[in-house]
Structure formats: C-alpha cells, structure tokens
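The structure presented is a predicted model; accordingly, all values stated were derived computationally and were not measured.
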Amino acid sequence: MVLKNKVVQQWARRLHIYISMALLLVVLFFAITGITLNRPHIFVSQSPDVVEQQLDIPQTLLSSEKGPFSPNRSALIAYLAKHGDVSGTPSAIDIFTDVDGDELLEGEISLDYKGPGYSATVFIDMTTAQATIESTNYGVIAVLNDLHKGRNSGEVWRWFIDISALLMVLFVLTGVCLLIPKKKTFQTGMKWMGLGSVITLLIYILAVP
C-alpha cells in the first residue's frame, strides 16, 4: 500500500510535525474565539466605546473635476484617515445636494467605515465643510470574534483563513496516514472517530431545535 511506503511515512511525519507547530497559535486562536463566539453574552461588552469628534474639511476636497459639488473621493478618504482618527474599510460615498443655480443651498456627504470590532460613521456638511465622525469600538473580544469570522477583515486575512483551514485538513490527513501502518492503534483510532461522529450526529438530531 502506497501510504505505508517508508518515504510517504517520512514525509507525512515531517508535514504533521511542522504543520502542527506552524498552526499551534492559529489553532488556539480559533478554538478560544470559537468559545467567545458561542457565548457572546459572557465575553462581549454590552457597552461599546463611542467617540464623537468634529473635523474641518478643506473646501478643495469637496469638489473635483466631476463638478463643484462632487467630492474628490480618494483625497477625502486620505484626509479622513490622516486627520479623522478613523480606520477600517470605507464604504461608497453618498452625496445629497440642493443647488440653486451655482449656489449650494444644502449638501451632505456620508460614508461608513468597517473594521474588526469597529465601525465609524462620517457626515460632512458641505455648506460649512465640517465633518461629524462617530466611532464605535466594541472591545478586544469583538475584534477577535470578527477576525475568527473574517468579518470586515480584508482580503488578505480571508486568504489567511482559507490557507490555515487547508493546512488543518492536511494536518489531519497526515495524522491518519501515520496511523495506517500501526494496525492496532489505527483500529482504536477509528473506533474513537466513529464514537465521536455518532455522538455529534445524535446531538444534532436530538438536541438541535
């Protein structure tokens, strides 16, 4: 049998050991945050930290080549990141204007920021060029929970979760591969796997609403 081949067993052992060490803290992270996600009423703060601030926006950022009342999005985002104490991924910009000829009677720009355990809302009065920024921090546990789910964490972190999951699968498969030549241990392991699977299925059938 190929899986019992000496070379295959050597590589399986190496991969099993090195993957287990590489994923040691990652597995602990996902295990612990699995508990905090399952029991949010215990771990997640019910009173998030909300901060409101005012920020003057340069008039030059509230217009662009698209028109006098169409903001320069990239420059505005950069200015808010530098001076507005906001983080996370910005949403699309919503613009409302009431114009009489060349005169702006009323105008408002709004956008949101989302990050792990964090959100912010920005409202800019175009007539006064003043921004109101309301930032909400939900605490460290909320940050960890969002990272566990890949929520508002960016594309790189989502790839990190995917790769970690694939490595966990490889870790399990190499562990099975290492057991195959050990007939007695393999049979015992299969019995434990069967028992765990049956218990899981029974809990799902009998206890899950």
Could you measure the distance from the [atom1] atom of [X] to the [atom2] atom of [Y]? Nearest 0.5 Å is fine.
X: L55; Y: L80; atom1: CG; atom2: CG; value: 6.5 Å
X: D98; Y: L105; atom1: CG; atom2: CG; value: 5.0 Å
X: L166; Y: I161; atom1: CG; atom2: CD1; value: 12.0 Å
X: S197; Y: I199; atom1: OG; atom2: CD1; value: 9.5 Å
X: F43; Y: T33; atom1: CZ; atom2: OG1; value: 11.0 Å
X: S70; Y: I93; atom1: OG; atom2: CD1; value: 8.5 Å

Do the non-hydrogen side-chain atoms of [X] and [Y] ever get within less than 4.5 Å of each other?
X: P71; Y: I95; answer: yes
X: E134; Y: V51; answer: no
X: L76; Y: I124; answer: yes
X: K114; Y: S91; answer: no
X: V176; Y: F186; answer: yes
X: T89; Y: N152; answer: no
X: V122; Y: D112; answer: no
X: E108; Y: M126; answer: no

Applying side-chain hydrogen bond (donor to acceptor under 3.5 Å, both in side chains), name anything that partners [X], two or more places apart in sequence or on another chain.
X: T127; result: D125
X: T174; result: H16
X: N72; result: S74
X: S119; result: none

- request: Could you list the residues that satisfy salt bridge (Lys or Arg N to Asp or Glu O under 4.0 Å) with R158, not counting sequence neighbours?
  value: E155
message: Which residues pass the salt bridge (Lys or Arg N to Asp or Glu O under 4.0 Å) test with R13, not counting sequence neighbours?
response: none
Of all pairs that satisfy ring-ring contact (aromatic ring centres under 6.0 Å, His included), the ones with a partner from residues 102-128, not counting sequence neighbours: none
- prompt: For residues 190-209, which residue pairs qualify under ring-ring contact (aromatic ring centres under 6.0 Å, His included), counting only residues two or more places apart or in two chains?
  reply: none
Given the rule that I, L, V, M, F, W and Y join up when any side-chain heavy atoms are under 4.5 Å apart, are [X] and [Y] in one cluster?
X: F171; Y: Y18; result: no
X: V26; Y: V143; result: yes
X: I32; Y: L23; result: no
X: I180; Y: V8; result: yes
X: V172; Y: M193; result: no

field: Crowding at NZ, K149 (>12 non-hydrogen neighbours, <6.0 Å)
entry: yes
message: Can you confirm whether D162 is buried at CG, in the sense that more than 12 heavy atoms of other residues, nucleotides or ligands lie under 6.0 Å from that atom?
response: yes
task: Report the C-alpha distance between E52 and I133 in whole Å, list the side-chain angles of each, state the deciding distance to 0.1 Å, and finish with yes or no for side-chain contact (heavy atoms from CB on, under 4.5 Å).
output: CA-CA 6 Å; E52 185 174 302; I133 304 171; over 6 Å; no
task: Say whether, by atom type as modelled, one donor and one acceptor occur between the side chain of S153 and the main chain of R151 under 3.5 angstrom.
output: yes
task: Would you check if the side chain of Q9 reaches a backbone N or O of C177 as a donor-acceptor pair within less than 3.5 Å?
output: yes
message: With side-chain contact (heavy atoms from CB on, under 4.5 Å) as the criterion, how do T136 and D49 come out once you've worked through the C-alpha distance, each side chain's angles and the decisive distance to 0.1 Å?
response: CA-CA 6 Å; T136 305; D49 183 22; over 6 Å; no
Could you tell me which residues satisfy ring pair (Phe, Tyr, Trp, His ring centres under 6.0 Å) with [X], sequence neighbours excluded, listed by chain and number?
X: Y138; result: none
X: F160; result: W157
X: F30; result: H148
X: Y79; result: H83

message: Ignoring hydrogens, what is the shortest heavy-atom contact between P90 and L111? Give both atom names and the distance.
response: CB-CD1, 4.2 Å
Nearest heavy-atom neighbours spanning A129 and Q59: CB-NE2, 3.5 Å
message: Test side-chain contact (heavy atoms from CB on, under 4.5 Å) on N145 and V44; report intermediate values, then the result.
response: CA-CA 9 Å; N145 287 349; V44 178; 3.7 Å; yes
message: Between E106 and T97, do the side chains contain a donor N or O and an acceptor N or O under 3.5 Å apart?
response: no
